[in-house]
Amino acid sequence: MGSTFFFQWEIDLIAFLQRVLSDAWIEAINHFSGLADTYVMLGLLLLFYLGLDKEAGKKIGTNLLFAMISNTMIKNIFVRRRPYLDSEEVELLRKIDPKADVNDIKAQGFSFPSGHSTLATTLYGSIAYIYKKKVFWIITAVFALMVGFSRIVVGAHFPTDVIVGWVLGLVTINVVELMRNKIQKRWVFNLILIGTSSIGLIYCRSDDYFTAYGLITGTLLAFYIEEKFVNFENTTNPLRIILRLAGAGVVFAIIEFPIKALAGLPAFDSIFWEYTFRIIRYFLISLCTLGFYPMLFKYTAKIGRKKEKVSDD
């Protein structure tokens with residue numbers, strides 16, 4: 001399953017790095033990938049959206065999710081196998097899906113372009129683009145390089161996967177920002193992004209696409225609902241931020257586990273239902289967490305306010 005194409009220097013480089021770097025160095029470099037892991041990205045997105053800067057959070061979330069689904073759609077076109085599958089010289093040192101077999105391409109995903117490199121560039125690049133500070137661009141460059149290098153060293157990606165991932169992240173930021181500035185009606189902007197993302201329904205057959213599709217559709221609808229009907233306020237109060245993040249975790253659990261259990265029933269044991277439940281699951285998680293859950297914030301608005309008032313006096 002999948003296609004094989006690479007330059008020999010890519011295999012030589014990966015094999016060289018895995019051979020000359022000590023186990024301690026590889027273990028340390030392995031952790032660089034964590035800068036673009038799901039929980040890190042989700043945590044930063046929620047910190048901005050639910051706490052520090054809601055509008056920045058919306059922009060970061062939109063850029064990130066469009067980059068994610070664009071990445072999966074490209075992967076399903078090229079269906080490039082990962083380097084460890086095509087060369088005995090390369091060893092996989094960090095699984096994409098820890099629970100799955102390394103040879104399960106459906107679970108481990110395709111290689112081109114690198115998702116971690118794309119998302120690291122998009123996440124940190126979006127923050128730099130919004131706040132327009134040189135230090136943030138330096139952080140973006142350093143983190144993107146660290147993540148990309150780690151993906152090569154652990155044998156999960158060819159160097160060309162990483163390079164194209166970086167480019168895709170930068171292109172996504174600029175294209176989405178250009179559209180956001182040109183299209184005044186937010187619902188039209190959202191429909192264009194969802195319509196573009198829906199093309200993948202025709203040909204994509206990997207779990208990550210259907211996860212991304214559920215997330216982007218649910219998130220864009222959530223942002224629209226928040227803007228029209230909720231309009232909660234930002235907060236810099238640590239206690240209120242912690243409560244908001246904790247509440248988001250509770251909402252996630254309430255939705256995640258029942259749907260996951262339902263999807264596991266024998267009656268739904270087919271590819272069609274697997275992908276359908278995956279879309280529904282992530283659509284509801286993002287919609288409820290980002291759209292409906294913030295309606296509760298008005299009931300916790302007084303928390304920490306007395307303390308802030310005393311400090312101001």
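Index from 1, following the sequence.
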Legend entry - Under 3.5 Å side-chain donor-acceptor pair for Asn76 and Ser206: yes
Inset, instruction - Answer yes or no: is there a side-chain heavy-atom contact under 4.5 Å between Thr121 and Leu170? - result: yes
Legend entry - Single-linkage hydrophobic cluster, 4.5 Å side-chain cutoff, Ile254 and Leu296 together: no
Legend entry - Inter-residue atom distance Ile26.CD1 - His31.NE2, 0.5 Å rounding: 12.0 Å
Inset, instruction - Taking atom CH2 of Trp187 as the centre, report whether more than 12 heavy atoms of other residues, nucleotides or ligands fall under 6.0 Å from it. - result: no
Legend entry - Flag if over 12 foreign heavy atoms under 6.0 Å of CD, Glu88: no
Legend entry - Beyond-backbone contact of Asp208 with Phe110, side-chain heavy atoms, under 4.5 angstrom: no
Inset, instruction - Give a yes or no answer on whether the side chain of Asn71 reaches the backbone of Pro113 with a donor-acceptor pair at less than 3.5 Å. - result: yes
Legend entry - Ser150 side chain vs Val147 backbone, donor-acceptor pair below 3.5 Å: yes
Inset, instruction - List the atom of Ile14, the atom of Gly155, and the distance in Å for their closest heavy-atom pair. - result: CG2-CA, 4.3 Å
Legend entry - Residue pair Thr122 / Phe66, side-chain heavy-atom distance below 4.5 Å: no
Inset, instruction - Evaluate whether atom CZ of Phe7 has more than 12 neighbouring non-hydrogen atoms of other residues, nucleotides or ligands under 6.0 angstrom away. - result: no
Inset, instruction - Using the six-membered ring wherever Trp is involved, compare the ring planes of Phe158 and Phe6 and label them parallel, tilted or perpendicular (cut-offs 30° and 60°). - result: parallel
Inset, instruction - Check Gly51 against Ile241 and note the closest heavy-atom contact, atom names and distance. - result: CA-CG1, 4.2 Å
Inset, instruction - Measure across Gly148 and Ser117 and return the closest heavy-atom pair with its distance rounded to 0.1 Å. - result: CA-OG, 3.6 Å
Inset, instruction - To the nearest 0.5 angstrom, please state how far the CD1 atom of Ile192 sits from the CE atom of Met179. - result: 4.5 Å
Inset, instruction - Could you name each residue pair satisfying side-chain hydrogen bond (donor to acceptor under 3.5 Å, both in side chains) that touches residues 282-297, not counting sequence neighbours? - result: none
Inset, instruction - Heavy atoms only: give me the nearest Cys288-Val251 pair and the separation to one decimal. - result: CB-CG1, 4.0 Å
Legend entry - Glu177 backbone acceptor or donor facing Asn181 side chain under 3.5 Å: yes
Legend entry - CZ on Phe297 to CG on Leu50, rounded to 0.5 Å: 4.5 Å
Legend entry - Residues, nucleotides or ligands: over 12 heavy atoms within 6.0 Å of Tyr39 OH: no
Inset, instruction - Would you confirm whether Gln18, through its side chain, and Glu91, through its main-chain N or O, come within 3.5 Å as a donor-acceptor pair? - result: yes
Legend entry - Check: Glu226 side chain, Phe232 main-chain N or O, donor-acceptor pair, under 3.5 Å: yes
Legend entry - Nearest-0.5 Å distance, NZ of residue Lys228 to CZ of residue Phe223: 15.5 Å
Legend entry - Nearest-0.5 Å distance, CD1 of residue Ile60 to OH of residue Tyr49: 12.5 Å
Legend entry - Distance-minimising heavy-atom pair for Ile130 and Ala56: CD1-O, 3.8 Å
Legend entry - Sub-4.5 Å side-chain heavy-atom contact between Ile216 and Met68: no
Legend entry - Residue from Ser111, Ser114, Ser33 passing side-chain hydrogen bond (donor to acceptor under 3.5 Å, both in side chains) with Arg151: Ser33
Legend entry - Partner of Tyr124 under ring pair (Phe, Tyr, Trp, His ring centres under 6.0 Å), chosen from Phe143, Trp166, Tyr129: Phe143
Inset, instruction - Flag the pair Leu35 / Val40 as yes when at least one side-chain heavy-atom distance between them is below 4.5 Å, and no otherwise. - result: no
Legend entry - Arg80 side chain to Phe112 backbone, donor-acceptor under 3.5 Å: no
Legend entry - Thr72 side chain vs Ile69 backbone, donor-acceptor pair below 3.5 Å: yes
Inset, instruction - Spell out, yes or no, whether Leu65 and Ile183 are grouped together once hydrophobic residues are joined by side-chain heavy atoms under 4.5 Å, including indirect joins. - result: yes
Legend entry - Minimum side-chain heavy-atom gap Asn63-Arg180 below 4.5 Å: yes
Inset, instruction - Check the hydrophobic clustering (I, L, V, M, F, W, Y; side-chain heavy atoms under 4.5 Å; chains of links allowed) and say if Phe257 and Leu265 are grouped together. - result: no
Legend entry - Rounded distance (nearest 0.5 Å) linking atom CD1 of Ile285 with atom CG of Leu42: 10.0 Å
Legend entry - Phe268 and Phe277 aromatic centres sub-6.0 Å: yes
Legend entry - Aromatic centroids of Tyr209 and Tyr275 separated by under 6.0 Å: no
Inset, instruction - State whether the side chain of Arg278 and the backbone N or O of Gly214 hold a donor-acceptor pair below 3.5 Å, judged by distance alone. - result: no
Legend entry - Asn234 (side chain) donor-acceptor with Lys54 (main chain) under 3.5 angstrom: yes
Inset, instruction - Count the heavy atoms belonging to other residues, nucleotides or ligands that lie under 6.0 Å from CG of Asp23, then report whether that count exceeds 12. - result: no
Inset, instruction - May I ask you to test the Thr217-Ser197 pair for a side-chain heavy-atom distance under 4.5 Å? - result: no
Legend entry - Any side-chain heavy-atom pair of Phe189 and Val176 under 4.5 Å: yes
Inset, instruction - Verify the neighbour count for atom NZ of Lys132: are there more than 12 heavy atoms of other residues, nucleotides or ligands below 6.0 Å? - result: yes
Inset, instruction - May I ask you to check whether over 12 heavy atoms, not counting those of Tyr131, lie within 6.0 Å of atom OH? - result: yes
Legend entry - Backbone of Asp207 reached by a side-chain donor or acceptor of Thr211 within 3.5 Å: yes
Legend entry - Ile139-Ile173 co-clustered via ILVMFWY side chain contacts under 4.5 Å: no
Legend entry - Cationic tip of Arg186 above Tyr224 ring, under 6.0 Å, 45° of axis: no
Legend entry - Shared hydrophobic cluster for Ile279 and Ile271 (ILVMFWY, side-chain gaps under 4.5 Å): yes
